[in-house]
Each structure stands twice: as structure tokens, then as C-alpha cells.
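Just so it is clear, the model here is predicted, and its values are computed rather than measured. Throughout, a chain's letter reflects where its sequence line sits, starting with A, and its residues are numbered from 1.
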Protein chains: 2
Amino acid sequence: MRPVTVYDIAREANVSVATVSRVLNNTAPVKKETRERIVALMHKHQFQPNALARSLSRKETGMIGFILPDITNPFFPEVLSGFDYEARKLGYTYFLCDTISTNEENERQYDRQYERESQYLNLLMEKQVDGIVMIGGRVDLAKPGSELEREVEEASKRVPVLLLNGNLPQTKLNRISADQKLGAQLAVQHLIDLGHRDIAAIGGYAKMTNTQQRLLGFRTAMKEAGLPVRKEWILTEGFSVEKGREFASRLLGAKRRPSAIFCMNDLLAIGALKAAHRVGLGVPEELSIVGYDDIPQATYSIPELTTVSLQSQEIGRQAARTLDKMIAGKKVPRLQSIMPELVVRETTAPYTGPPL
Amino acid sequence: MRPVTVYDIAREANVSVATVSRVLNNTAPVKKETRERIVALMHKHQFQPNALARSLSRKETGMIGFILPDITNPFFPEVLSGFDYEARKLGYTYFLCDTISTNEENERQYDRQYERESQYLNLLMEKQVDGIVMIGGRVDLAKPGSELEREVEEASKRVPVLLLNGNLPQTKLNRISADQKLGAQLAVQHLIDLGHRDIAAIGGYAKMTNTQQRLLGFRTAMKEAGLPVRKEWILTEGFSVEKGREFASRLLGAKRRPSAIFCMNDLLAIGALKAAHRVGLGVPEELSIVGYDDIPQATYSIPELTTVSLQSQEIGRQAARTLDKMIAGKKVPRLQSIMPELVVRETTAPYTGPPL
DNA sequence: TTGAAAGCGCTAACAG
DNA sequence: CTGTTAGCGCTTTCAA
């Protein structure tokens, strides 16, 4: 059966569509009597306004596009859930745009990530979303390259775009970002305070801003404490549990090994935990480990991870509020910085090795 | 600046909008020469067709609504990622509708879950989605109650609805579901084969179909092996790590305790692992644990979880393909059953206690 | 091959 | 308070 429209309601109520529209949107006073008649009819026919038509004429859709790299990476659901909470309150609904996802062989496809982002950017604009938020992918690159940047900048002229936890340096897009350097400093300072001097750093990708910033924080903290940074103790290129295990194994297998490891995220830390376990090294007694991100899984391990909370939920919420303002045409600060917090749990303990 | 429309292109190309539309959709032959002229103009002006307008007249949107309870529960991103992969290939884009999400105080809001589902159902229909998939929430209830069911049935008359891993018994909606009972049997049989006789089952919610089915599988396997099921060893109402720890603690604190625990999901198993660790019980030497779902985190723990894979990615993929067929008006089987698989890892070992 | 014109369903002046 | 009417941007007959 053909869905019922405002015309159907109008006809049966002996009014014009304008009046129906008015009671639908409460956009102008309508005589109580006729209003009630119309409302009754709407219920009777289970009338559901066609949002497409409405959006077409109103020129706003209440839809947002959320572009992220990989929903199975537990960091993103955290951000998303905060975003969801606020966005819903503000009356938005959103498209989830995963630029990686998993194919039949169950393998992630990173190679086409940026291409996907471009596709989604266009698709979302065609769908007439009111705004777009981007996290991960090219936004994490220290030097995305002008083409990747230009594209987003171009998009931002048509629709508000907000970047999360990253940047596109050649553009002046709005963004919300945790202070990555500070987070790393917090973590490393914590280790130093515990008496550790031989500290390694593992994970991340050299080309990513977050990694560079965290490494910078690491170096800064070490330097301020007058501690040397050993090159062989900085192992990058990877963010997975598997990589964490690999990096840590390498570290722990060497003749001289660190007494503490600073990991670029929690997954790596979980991998490091596994490596330590494998070689029979007690954590935290013999080896301290600190993670980064504070994903829920940080409390699943034994022992539970000491880590740096990026306040991911908060970033998500902030994102929704900010994007809403941008959509409303209000001014928002170009950069909103979120303060990370050190969360001390069970993988760090005072240094107990031979006196230095 | 006003976005460019087919009219703008048409005018500048000295053709009618119909022709522009034709080259846009490749829906009828157009003279090569004029086609090229039009294509060039489109590029020149960065023309982006307005999907709203298109959908309004075509009566199809390429949009799907995906309703799930909680994106931060790692089971759902798995399903979603499989769904994403196929849906994208088929040209769909989807709204993520989380019915729980997290508020400012960082607490999940389960109480209004069903209400949210109803809201989203309506919202999605107004947005004119081509189809809806539902997982969790009311779909997991053994007796959802007629109102909750009627509503979905009603919706399904207007737009294809597909249920994942659950059912609404009073309706005859299409669904894709893992065989929960079989999965449980697999798990429990594995324990029995290892020589365990004292097996407990923890977690789940008594009112949920999945729990009932899994418990049924548990009982069936025990019965077939001639083993008794002790009432105090079946602890329900909960799906979290915290609950797992709590249940297992209770079990392990009693005078007589099981030598193996079958958990209704992996999070519970992780909790059980923690409980065992706390009381100094070695897993798997002194206590075997098996989980359910095989979320990625099942391999993060030490030792790694033996568990039942629900093939969540596959369910997601299947869902996309099936919904696409339904949208195309094709017939699909009312129920597609997915076979679970036992994944033996490190938390189960032969029984080594006193001879029975 | 191409154009004219009638929708798709709703909103928003404008007029009364 | 209410009705008329012109869009919103694209698709799709129906003719030519």
C-alpha cells in the first residue's frame, strides 16, 4: 500500500497541506480543534513524515557522517559511544563509515584506507549530511600529502568537518585532540618516579603524529630526568597485540634489557605482557609496563594495565557538541585540547633491580 | 555558494536536465559528443548529485539501519565489520543505532533500551531506509511481549527487517542465527572429553533466548554423558567481566568446587580467569575454563581462552547479503543457521584432580 | 537521441 | 488561523 502523505491527511481533514505541515512541525498556531482532528488522523493512519522530502526542502538532514578506520579496534567504539550519546540528544543520526573493515579471509585491508576515506567523503556529501567527523586514517599522518589534505579542505567548504585526535597540518580545520605528548610524559614520568632508568618505548608508526608526539613526550621526560634514550630501545611500526609481543620479545631477549616498557597503546602492552610471561618475567616485580589509551580491555588483563587515559568517551561527546555548533554556524575554537590522565593499576612497580 | 544542480549543468551544456540525468545514471544512450561535454562540465563544477532528491523520486535510498545494543561490547563490532564489508560492496551505507551508549557519568543505560529500539525503528522508517537489521535487545528476549513484537512486525510491513542471533517468536520475520545450543554442546563435550565431571555454567540472563539455548546445550551434553547438573553450579544474570569474576569467586570459594567452568561469553571467562588467579588456582592445570563468542580479546588473556566461535563476522556478511536480497524482493530462507565452532586454546586441559 | 513536464512528499513564503 | 503555490533537485514517462 502506498504510504500516507500529508496530502492524504489534509484531504481527510478538510484542510490544506500547509496546515498539516504546521501541526507536524509546530511551526505556527493552529486552531485547537483542527489540530486535534489532524493529530487523530495521523495516528489513525500511522502517518510517518518522509524525512527525505522534508530534508530536501529544509536543506538540513540531521545526519552526520562518522569516518573511522576500524570499528573492531576497541579504541574507536569508546569514542563513538560518547559521540552517540550526545549526538542522539541533539537529534542527529549518523552513518558509520569504516575505512578498513574485514574481508572474507578475515584480514583487514589497510592499503585502500585513504581511497575509502575519499569515497566516503564524497558519498556523505551527496547524502547531504549536516556534518562530518574524521578520526584516524589520514588524520593521523604527520605528512598526509597535499592531495589528501586538499580533498578534506574542499569538503569542509561545503559541510562542517571536524577532526579528532589528529590534524591536517596544511589546513585550518577544527579539531579536538588529546595532548599526546603530555600523556606520554605522564606515563614515563611515572616510571621514572618509580626508580626506573632503563626504559624502552614500543609501537606506533613513525609517520603518525600521535606516535611522534608520544615519542617526543617520552624523550622529554627522559631528558628532564637526565636519563639516556637508547636507540635500540625504541621499536616502532605496529599497534597490535602481536606486534607488542614481538617488540617486547626482542627487548627481553637482548643481553641488556630495560626494566620498564612504555607502549604506544594498550594492545601493545597486552602483547608485552604476553612476552614477559613467556620468558618467565614477573610483571610488575621484574618488569614494569605502561600502556596508552585506556581501552576497557586494559582492566581485563592480569595484572591490569597501568595506562594513559585519552578520555575517549569525552572526546566523542565533545565532538558531537562541537559539530552541532559548527552546523548551527556558531564559532568554535580551532583546537580543543583534551587532557590525558595517568591511570595507575597493576603493571607498574618500583624498580627493584641491582642498584644503579 | 549555491551547490550546482543538474539544471546548472544542463543550461551550460545546452541540453535538458533529462539528458544530464541520463549521463549521470547511464540510463539511456546519449550522443557521445554531448555526453562528453556534460561529463566535462560535471567535473569542472565538481557536481555532486543530491542523493536526497534522487532517493525521493527513485524511492530507494541505499541506506540501511543497523540497530544494536552496545557498540562497546566487542562482540558487536565483529558482526558489524563483516556486515560493513558486504554492505559496502553492495552499495549500501548504514546508520548505526546504538540503543545503550554511555552517558556523562560513564554508565550504560539499559533501562531505556527497548524504548530506544522503538524510536530508532520509527526514525529509520522516516529516513526511508531500504532495510533494517536488528541484533540484541528485544531480539534476544525469549518472551519479548506482544507489544515489542507487534511493533517490529508492523515495521516489517513497510521495510525489510532482518533479525540477527535471536528471534521474535510471535512473528515470522527472517533471521540469521548461530546455533546456540550446539555451540554449548561443543564446549561442554570438550570438557567432558577431557575427563571433567564437575562442570559449572555461569552468566547470561535467564530471560534471554541465547542463555536458555546455551544452558539447554549444557544440560544436554551433561545428560548424554550421564553427568549430574548441580543447581548451585548454574549462576546467571550477567555478561560482564565483573560478573564473571563474581560468579567464579563464589564457585571457587565453596567447599566443593567444579573442575571446569563453562562461561556464557568470553568476558565472563576473562572474569573467571581473574577469580582463579586471585585464589591462586592454576588455569588450566587446576581449573578449566571455556568461553563463548570468540571475540578478539579471547586471545589477549594469559592463558588464551578456549571458546566457541559464533562466526560473528560471517553472520554480519550473511546479513548484508540477505538483506540485499530482501530489498530486491527476492525470497530468502526464513532462518539461516550458522554453525558455531569450538576453538581450543589454552584454558582447558585434562582433569587431574583426585580420581572419581 | 533528446526535450517537456509531471511528479516524489514536504516546507515556507505570501496572501487572505 | 488557514489556503495557495512555488520550490527543493532529480527521475521518468511520453512525445518528438
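- Residue A:E33 places its CD atom among 12 or fewer non-hydrogen atoms of other residues, nucleotides or ligands, all under 6.0 Å distant.
- Taking only side-chain nitrogens and oxygens, A:N25 never comes nearer than 4.0 Å to OP1 or OP2 of C:dC10.
- In this structure, A:S55 reaches neither bases nor backbone, as no heavy-atom distance under 4.0 Å exists between it and the strands shown.
- In this structure, CD1 of A:I9 is placed 16 Å from C1' of C:dT11, rounded to the nearest angstrom.
- Here the P atom of nucleotide D:dC8 and the CD atom of A:E126 are 20 Å apart, to the nearest Å.
- Taking side-chain N and O atoms only, A:T27 has no distance below 4.0 Å to OP1 or OP2 of C:dT11.
- Within the 4.0 angstrom heavy-atom criterion, no nucleotide atom of any strand lies near B:V20.
- Distance, B:M42 CE to D:dC10 C1': 11 Å, rounded to whole Å.
- When B:L68, B:I67, B:D70 are each tested for a side chain to side chain contact (heavy atoms under 4.5 Å, CB included) with B:T99, only one passes: B:I67.
- A salt bridge does not link B:K172 to B:E153: none of the charged nitrogens lies less than 4.0 Å from a carboxylate oxygen.
- Distances from the side chain of B:T19 to the nucleotides D:dC10, C:dT11, C:dG3 place C:dG3 closest.
- Using a cutoff of 4.0 Å between basic side-chain nitrogens and carboxylate oxygens, A:E154 and A:R150 are scored as salt-bridged.
- At least one side-chain heavy atom of B:I9 sits less than 4.5 Å from a side-chain heavy atom of B:H45.
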For nucleotides 5-8 of chain C, give me every protein contact, N/O to N/O, under 3.5 Å, one pair per line with atom names.
from: C:dC8; atom 1: O3'; to: B:K59; atom 2: NZ; distance (Å): 3.0

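- A straight line from CG of A:N14 to P of D:dT2 spans 12 Å, rounded to a whole angstrom.
- As a whole-Å value, the separation of B:N26 CG from D:dT12 P is 13 Å.
- Using a 4.0 Å cut-off between charged nitrogen and carboxylate oxygen, A:R321 and A:D324 do not count as a salt-bridge pair.
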Mind running salt bridge (Lys or Arg N to Asp or Glu O under 4.0 Å) on A:E149 and A:R138 for me, showing each step along the way? CA-CA 8 Å; A:E149 303 207 37; A:R138 72 182 68 177; over 6 Å; no
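- Of the side-chain N and O atoms in B:S21, one or more sit less than 4.0 angstrom from OP1 or OP2 of D:dT11.
- Counting only heavy atoms from C-beta outward, the side chains of B:K32 and B:R35 never approach each other to under 4.5 Å.
- Using bins of under 30°, 30° to 60° and over 60° for the plane-to-plane angle, the ring pair A:F83/A:F66 lands in the perpendicular bin.
- Atom CD in A:E60 sits about 15 Å away from atom P in D:dG9, given to the nearest Å.
- Atoms CD (A:Q128) and P (D:dC8) sit 13 Å apart, rounded to a whole Å.
- Rounded to whole Å, atom P of D:dG9 lies 18 Å from atom NZ of A:K127.
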For nucleotides 14-16 of chain D, which of its nitrogen or oxygen atoms have a protein nitrogen or oxygen under 3.5 Å away, and what is each distance?
none

